Colleague: 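Below are the structure tokens for one structure; questions will follow.
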Amino acid sequence: MKISQTQLEQVNTQIKRLLESNNFYGKKLAEAGISEVKSGEDFEKLPFSQKQDLRDAYPLGLMAVPEEDVVRIHSSSGTTGTPVIIPYTAKDVEDWAVQFARCYEMAGITDKDRLQVTPGYGLWTAGIGFQAGAERLGAMVVPMGPGNTNKQLQMMQDMETTVLCATSSYALLLAEEIQKRGISGDIHLKKGVIGSERWGEKMRQRIKNELGIEIYDIYGLTEIYGPGIGISCEHECGMHIWDDYVYVEIINPETGEVLPDGEWGEIVLTTLVKEGAPLIRYRTHDISRIIPGECKCGSKFPRIDVISGRSDDMMKIKGVNVFPKQIEEILALFPEVSSEYQIRISHLDGKDTMRIYVETNGTVDFAQLSEDIALKVKEKIGFTPLVKVVELGVLPRSEKKSKRVFDERYE
Ligand code: ZN
């Protein structure tokens, strides 16, 4: 994929805006003596921006327009350190809703649908993004926000909700609860728009089967509008990204070099028309690839593959680099374990140890299963973990993002 002439012109408009605002990136450009890009090669020489730049700009240092043009801020929480504040102009808010409405259209959602929005509202971009896109489409929104599962299920039945908007963890929790209560006959869900965390095929299939719905994966991050900058289509082969708003590159996370289509690396995003806080070559730390070729659905928007991890999720165990995704793929070979797992890494007697907790039902031999999984990890990755098998439902479910990896070596 190459940057188009139109996109280059859009980048130049952004460069001008950033230089004038003299925000952190404007300063970077001025220091590098860059005032425009003429080609793809020029573009690839532009400096990256990082989460740390955004933190350093706290609270409003990212603002690239006069303050009277800013109508809203959002903030990405981040588990550690200073939060990041992203200012939005009225046009940014509208552009985001346009992109989100496009996502719903790609998922075949119409103004006849009723959408139950369970992601959080407030500083977080999720809830309000799901809502604004749906309103733009003319659909009916049931703005629940997270939690209160009893009320969620009550509204889902009474309002005959047809679309569930949720994180994958919460969708799973609701699916399990619906089964447990035996109320699936009273549920009218047809589709799920699921976003904001990495999840495996197994979990996806469980939610699909237990709720009997189609599932669409939505992509986005607060720094770049929020969720809604791309979505999977009915063919379930990656997520189409709205590249008239956001330009995607995949880079080698170690060298920063741009990788050819098809190769896995870190997603880097450039906002093409954002006003309040434009970002150029922002490193997301999400690992994916650009899927080469055109999609069967006919859409010309480029596709990225499912997010396979975070470049900062890489664990080093006994000298071996491991991504959680690799463990997940091994667990997927065992149909008797559920989609939930936990990885705990500790340092015992001078050695790194990985413990993997998996769930299964009571009909299998726990000791045998534990041994089989440990052997498989040894065979595929090269070290032997301790595998602890527990009863189905023992591992925690979350209303937000499930934390699956705990590195206790540095706690
Ligand atoms: Zn498609």
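Since the structure is predicted, the reported quantities are computational estimates derived from the model, not experimental observations. We count ligands from 1, going down the list as the structure has it; atoms in each ligand are counted the same way.
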Colleague: Checking Asp305 side chain against Arg289 main chain: does a donor-acceptor pair fall under 3.5 Å?
Modeller: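 No; zero donor-acceptor contacts below 3.5 Å.
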Colleague: Angle between ring planes, Tyr104 versus Phe130, binned at 30° and 60°: parallel, tilted or perpendicular?
Modeller: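 The rings of Tyr104 and Phe130 sit tilted, inter-plane angle from 30° to 60°.
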Colleague: Without swapping roles, check the side chain of Asp113 against the backbone of Ala139 for a donor-acceptor pair under 3.5 Å.
Modeller: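 No, Asp113 side chain to Ala139 backbone: no donor-acceptor pair under 3.5 Å.
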Colleague: In Å and rounded to the nearest 0.5 Å, what is the CD to OG1 distance from Gln116 to Thr161?
Modeller: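 Interatomic distance, Gln116 CD to Thr161 OG1, rounded to 0.5 Å: 4.0 Å.
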Colleague: For the Zn ion (ligand 1), which protein N/O/S atoms are closer than 2.8 Å?
Modeller: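 Protein N/O/S atoms under 2.8 Å of the Zn ion (ligand 1): Cys233 SG, His240 NE2, Cys295 SG, Cys297 SG.
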Colleague: Quick check with a 6.0 Å cut-off and a 45 degree axis cone: is Lys378 positioned over the face of Phe383's six-membered ring?
Modeller: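 Judged by the rule, Lys378 and Phe383 form no cation-pi pair.
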Colleague: Show me the donor-acceptor pairs, under 3.5 Å and distance only, between side chains in residues 1-8 and residues at least two apart or in other chains.
Modeller:
from, atom 1, to, atom 2, distance (Å)
Ser4, OG, Gln7, N, 3.1
Ser4, OG, Gln7, OE1, 3.3
Gln7, OE1, Ser4, N, 2.9
Gln7, NE2, Asp243, O, 3.0

